[in-house]
Amino acid sequence: MPELPEVEVSRLGISPHIEGRTIKSVKVHDKRLRWPVPETVHQVEGHVLRSVSRRSKYLLLQTDNGCLILHLGMSGKLRVVPAETTHYKHDHIDIEFDNGQTLRLNDPRRFGALLYSDGDVSGHELLSQLGPEPLTDAFNIDYLFERSRGRSQSVKTFLMDNKVVVGVGNIYANEALFKAGINPKRAAGKISKVRYQKLVPIIKETLASAIELGGTTLKDFTQVDGNPGYFAQKLQVYGRGGKLCMVCSNRLKEIRLGQRSTVYCTQCQR
DNA sequence: AAAGACACCTGTCCGC
DNA sequence: TGCGGACAGGTGTCTT
């Protein structure tokens, strides 16, 4: 899936087509997602879609009668297609609009979700415990440094903890730690403030750059228009275990941290 | 409370 | 060409 940049690219891709339009229907072809799609998603039918926003990797489709919460899991993809377009394998949801456009969710692995919230969506149980957005001022050096104190877990696992900061998934955690010269195995609580001063802006730049380039296309992520994301060409360590470091030509090491593949350079990252 | 393991799925790729 | 096994962008839940 989509890490934060891919979700944001999806949001930017769909919103011009559907924002301000009235939702004609929500068609559930296959309700088997991470949680069964609830009947309450039909509450939005007949109402105007006021905004498409994002919190963490959740897309929030706010109407004047509640909010749809959409998550893409590992393999979810969104496309905007003309009404009545035939649906195929793993097409789970069609949200049809009054302008003849349909927002279609395809998700082979079914780790994605579509839920409904009728109240203040920020208080929803999936959202209320989340850490700050990485591209806001709430995510800053002092904050991350303080949160890290006393933590024995690896800095990479720490960065990927949604209660610490949202949106830093496996690709960008690997990339940011490489650029910051930090060994991903190092205990988060034992890293100096000077090093967090370097790391925080790098995380922001890495994510922002990935959004600008349309995200990272690995196997199957595409932008809503079907074009690939171009950040894959910028990856320096992710997916390159055993290959040579682009900076020092040392052979990159691949290990597992928190059951996620972790690639780093033992020369450049200490 | 914190850290780690596990589970949920299908598709793809690699070695035999 | 087929088959088994490992692995993949996430994250809630359970166990230590």
Side-chain angles (χ1 to χ4, degrees), chain A residues 1-11 29-37 54-59 69-78 88-92 105-115 124-131 134 146-177 184-190 203 206-207 210-211 213-223 228-235 237-242 254-263:
Chain A
M1 129 161 202
E3 293 195 31
L4 184 141
E6 291 74 45
V7 177
E8 182 65 10
V9 167
S10 296
R11 187 184 73 79
H29 302 302
D30 183 352
K31 65 165 69 167
R32 298 174 305 158
L33 289 173
R34 175 153 202 187
W35 299 281
V37 177
R54 180 187 57 72
R55 172 72 176 112
S56 183
K57 296 168 192 166
Y58 296 92
L59 287 173
I69 302 172
L70 184 66
H71 197 287
L72 299 176
M74 289 279 255
S75 58
K77 290 161 292 261
L78 289 172
Y88 293 97
K89 203 174 181 183
H90 306 311
D91 284 339
H92 286 258
L105 172 65
N106 177 282
D107 186 6
R109 290 178 74 181
R110 302 198 260 121
F111 292 163
L114 181 69
L115 298 170
H124 190 280
E125 56 181 5
L126 289 176
L127 305 183
S128 62
Q129 302 298 316
L130 295 173
E146 291 306 325
R147 282 298 302 254
S148 72
R149 293 307 89 180
R151 296 191 72 150
S152 60
Q153 67 184 158
S154 72
V155 63
K156 175 164 177 273
T157 311
F158 172 70
L159 290 178
M160 292 177 67
D161 181 347
N162 276 341
K163 292 190 282 304
V164 174
V165 58
V166 302
V168 183
N170 199 33
I171 297 177
Y172 300 108
N174 276 300
E175 294 301 308
L177 287 167
K185 285 195 297 190
R186 191 169 284 278
K190 292 190 171 174
I203 292 171
T206 303
L207 294 172
I211 292 168
L213 289 172
T216 298
T217 292
L218 294 176
K219 292 186 176 62
D220 50 11
F221 172 78
T222 56
Q223 302 184 57
Y230 296 100
F231 195 79
Q233 299 167 15
K234 302 274 185 186
L235 297 177
V237 287
Y238 181 85
R240 298 194 64 247
E254 180 157 4
I255 61 170
R256 298 192 77 80
L257 284 178
Q259 289 110 268
R260 312 306 298 276
S261 85
T262 303
V263 183

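Every chain is numbered from 1, with letters handed out A, B, ... down the list of sequences. Model, not experiment: these values are computed from the prediction.
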P-based separation of C/dA6 from B/dC6 [nearest Å]:
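Their P atoms lie roughly 14 Å apart.
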Rounded P spacing from C/dC14 to B/dC9 in Å:
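Roughly 15 Å separates the two P atoms.
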Which part of the nucleic acid, if any, lies within reach of A/Ser261 when heavy atoms closer than 4.0 Å are counted: base, sugar-phosphate only, or nothing?
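If one applies the 4.0 Å heavy-atom cut-off, A/Ser261 turns out to touch the sugar-phosphate alone, with no base involved.
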Would you mind classifying the nucleic acid contact of A/Arg151 as base, sugar-phosphate or nothing, using non-hydrogen atoms under 4.0 angstrom?
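Since only primed, P, OP1 and OP2 atoms lie under 4.0 Å of A/Arg151, the category is sugar-phosphate.
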Measuring to OP1 and OP2 of [N], would you say a side-chain N or O of [X] lies under 4.0 angstrom away?
X	N	value
A/Lys77	C/dG9	no
A/Arg109	C/dG9	no
A/Tyr172	C/dG9	no

Which listed nucleotide (C/dG9, C/dG12, B/dC9) is nearest to the side chain of A/Ile171?
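Selected nucleotide (nearest to the side chain): C/dG9.
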Please determine whether any donor N or O and acceptor N or O are separated by less than 3.5 Å between the side chain of A/Arg110 and the base of B/dT10.
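No.
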Rounded to the nearest Å, what distance is computed from the [atom1] atom of residue [X] to the [atom2] atom of nucleotide [N]?
X	N	atom1	atom2	result
A/Leu257	B/dG4	CG	C1'	12 Å
A/His71	C/dT11	NE2	P	4 Å
A/Met74	C/dG12	CE	P	14 Å

Taking the basic N atoms (NZ, or NE/NH1/NH2) and the acidic carboxylate oxygens, is any pair closer than 4.0 Å for A/Asp161 and A/Arg151?
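Salt bridge between A/Asp161 and A/Arg151, a charged N being under 4.0 Å from a carboxylate O: yes.
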A/Glu8 with A/Arg54: basic N within carboxylate O range, under 4.0 Å
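So A/Glu8 pairs with A/Arg54 through a salt bridge.
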Run through DNA chain C and report every stem of 3 or more consecutive Watson-Crick or G-U pairs, distances under 3.5 Å, ordered by first number.
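When the pairs of DNA chain C are grouped into runs of at least three, the stems are B:2-8 with C:10-16, B:10-16 with C:2-8.
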Are the aromatic rings of A/Tyr238 and A/Phe231 close, with centres under 6.0 Å apart?
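They do not qualify: ring centres at least 6.0 Å apart.
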